[in-house]
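Position 1 is the first residue of the sequence; numbering continues from there. Treat the numbers as computed from the prediction; the structure is a model and nothing was measured.
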Amino acid sequence: MAPRAYWKGSLKLSLVSCPVVLYPASTSVDKTRFHMINKETGNRLKQQMVDAETGDVVESDQKGRGYELKKGEYVEIEKDELEAVQIESNHTIDIDSFVPRDEIDRRYLNHPYYIAPDGKAGIDAFAVIRDAMKDQDRVALSRIVLTNREHVIAIEPLGKGLLGTTLRYPFELRDEDAYFDDIKSPKISKDMVELASHILDTKASHFDPKKFKDEYEDALKALVRRKASGKPVKASEREDKPDNVISLMDALKQSLKGKSAAKRRAHAPASRRPTHHRAAKKTHRSAARARKAGQPSLRAQRSNS
């Protein structure tokens, strides 16, 4: 069964357009979630909207939207009035421009969506737009209305379809200067930077999301399973952190030394690794030499004694 479309409309590039559908590219349905329950009855709790002044429960037919003009004073906005605010991006993704991919600040990236053709009628136009974008290392910028809000959306080819990522507006981003201005600029020796660079080299890898592991999610599931089976749940003891203070240079050297030793052990040939088999072979060879020299073996000595 095909997933339900989150949005339907048209993708437009100049005079070329095609019907498309949007699907959320991310999901949180597999995350462990908890409900509020009544601890006495075990029943799930139901939330209710309450009038902030009277304390009375407000029924669904009494609920409305209001914009706060000043403290405690609201202007009510009806649903049909919101729907009357029609702009082209309500039902059309009109590509405005193409920008270099590396010019998009990652802080602006918001939610990802899959964009696919809606039916067979416009699949040719969809393929033309998609394939033309593949030839350019650029991202299309457009506008779209989702949940009664207009968003800028960045569109790029992804497999047979397109990936659209909504972008935040500048007013939604906080200025980094407010957080970074108080950071001091200490004088760091070149040796320290080089040591840190070597440590970074030992951790060099490639981006592979398959290696991502949500250890907290696993722990939550284990907790639920244990509690559901009636087994006691005990808090694990936290390891005491070492309180010895060492210099930054010593810490860098020890970190590099530990990484290098682990790397040598991982790549050491089997002949250099001590094993129980080597110890057994050594004992066997010693016994053979003893028999050849006419001396009783260790086992024979033990039996005679």
Side-chain angles (χ1 to χ4, degrees), residues 1-31 65 67 77-174 205-212 214:
M1 183 177 179
R4 184 178 179 181
Y6 183 72
W7 182 94
K8 288 190 175 186
S10 298
L11 175 64
K12 184 178 179 182
L13 174 61
S14 189
L15 298 179
V16 180
S17 65
C18 61
V20 295
V21 288
L22 260 70
Y23 304 99
S26 60
T27 178
S28 59
V29 296
D30 292 329
K31 282 189 172 291
R65 293 181 177 86
Y67 179 83
I77 305 296
E78 300 290 347
K79 183 178 179 181
D80 57 348
E81 293 173 331
L82 276 177
E83 294 175 350
V85 183
Q86 293 289 337
I87 56 178
E88 189 178 2
S89 56
N90 270 6
H91 305 287
T92 304
I93 305 174
D94 195 353
I95 297 176
D96 296 324
S97 60
F98 291 88
V99 301
R101 185 191 310 272
D102 56 5
E103 286 188 4
I104 298 180
D105 188 330
R106 286 177 295 176
R107 292 175 297 175
Y108 285 87
L109 300 177
N110 200 0
H111 297 295
Y113 295 89
Y114 295 137
I115 304 176
D118 187 12
K120 298 179 179 179
I123 195 168
D124 290 345
F126 181 88
V128 167
I129 296 174
R130 178 200 62 203
D131 292 350
M133 292 177 63
K134 286 182 179 179
D135 293 337
Q136 305 285 333
D137 191 23
R138 289 176 176 262
V139 176
L141 295 184
S142 182
R143 286 163 288 116
I144 186 173
V145 171
L146 300 171
T147 60
N148 296 322
R149 293 281 183 177
E150 186 179 52
H151 303 268
V152 177
I153 187 169
I155 304 172
E156 56 189 309
L158 180 66
K160 295 181 179 179
L162 297 170
L163 174 66
T165 306
T166 54
L167 304 180
R168 298 181 178 92
Y169 288 100
F171 67 82
E172 295 180 281
L173 283 182
R174 293 173 173 173
S205 184
H206 293 282
F207 180 76
D208 183 5
K210 293 180 181 178
K211 294 181 179 179
F212 295 173
D214 191 340

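- Every residue two or more places apart in sequence or in another chain was checked for a ring-ring contact (aromatic ring centres under 6.0 Å, His included) with Tyr67, and none qualifies.
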Q | Pair Tyr108-Val152, side-chain contact (heavy atoms from CB on, under 4.5 Å): steps then yes or no | A | CA-CA 10 Å; Tyr108 285 87; Val152 177; over 6 Å; no

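- Summarising the geometry of Val16 relative to Ala125, their closest heavy-atom pair is CG1-CB, 3.9 Å, with the distance given to 0.1 Å.
- When all heavy atoms of Leu163 and Pro112 are compared, the pair lying nearest together is CD1-CB, 4.1 Å.
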**Q.** Test side-chain contact (heavy atoms from CB on, under 4.5 Å) applied to Leu141 and Phe98, step by step
**A.** CA-CA 6 Å; Leu141 295 184; Phe98 291 88; over 6 Å; no

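- No option in Thr92, Leu22, Leu11 other than Leu22 meets the side-chain contact (heavy atoms from CB on, under 4.5 Å) test with Ile144.
- Shown here are the side-chain hydrogen bond (donor to acceptor under 3.5 Å, both in side chains) partners of Ser28, two or more places apart in sequence or in another chain: Arg33.
- For Lys79, the NZ atom sits in a loose shell: 12 or fewer heavy atoms of surrounding residues, nucleotides or ligands are nearer than 6.0 Å.
- Evaluation of the side-chain hydrogen bond (donor to acceptor under 3.5 Å, both in side chains) rule for Asp124 yields no partner, not counting sequence neighbours.
- By the side-chain hydrogen bond (donor to acceptor under 3.5 Å, both in side chains) test, Arg107 is found to be paired with Asp105, Glu176, residues two or more places apart in sequence or in another chain being considered.
- To the nearest 0.5 Å, atoms CD1 (Ile115) and CZ (Arg130) are separated by 12.5 Å.
- Residues Gly122 and Pro19 come closest through the heavy atom pair CA-CD, 3.9 Å.
- How far NZ of Lys12 is from OG of Ser142: 10.5 Å, rounded to the nearest 0.5 Å.
- The distance between the ring centers of Tyr113 and Tyr6 falls below 6.0 angstrom.
- A salt bridge between Arg143 and Asp94 is absent, with no side-chain N of the basic residue lying under 4.0 Å from a carboxylate O of the acidic one.
- Under the 4.5 Å side-chain criterion, counting only non-hydrogen atoms from C-beta, His151 is not in contact with Leu167.
- For Tyr169, the ring-ring contact (aromatic ring centres under 6.0 Å, His included) criterion is met by Phe171, not counting sequence neighbours.
- Note: Ile104 CD1 to Thr165 OG1 = 8.5 Å, rounded to the nearest 0.5 Å.
- Looking at every heavy atom in both residues, Tyr23 comes nearest to Ala116 through CE1-CB, 4.3 Å.
- Residues Met133 and Ile155 share a closest heavy-atom pair of CE-O, 3.0 Å.
- Looking at every heavy atom in both residues, Arg168 comes nearest to Leu109 through NH1-O, 2.6 Å.
- For Arg65, there are no salt bridge (Lys or Arg N to Asp or Glu O under 4.0 Å) partners at least two apart in sequence or on another chain.
- In Tyr114, the OH atom is not crowded: 12 or fewer heavy atoms of neighbouring residues, nucleotides or ligands sit closer than 6.0 Å.
- When each of Leu146, Thr166, Ile153 is paired with His111, the side-chain contact (heavy atoms from CB on, under 4.5 Å) condition holds for Thr166 and for no other.
- The CZ atom of Arg138 lies 9.5 Å from the OG atom of Ser97; values are rounded to the nearest 0.5 Å.
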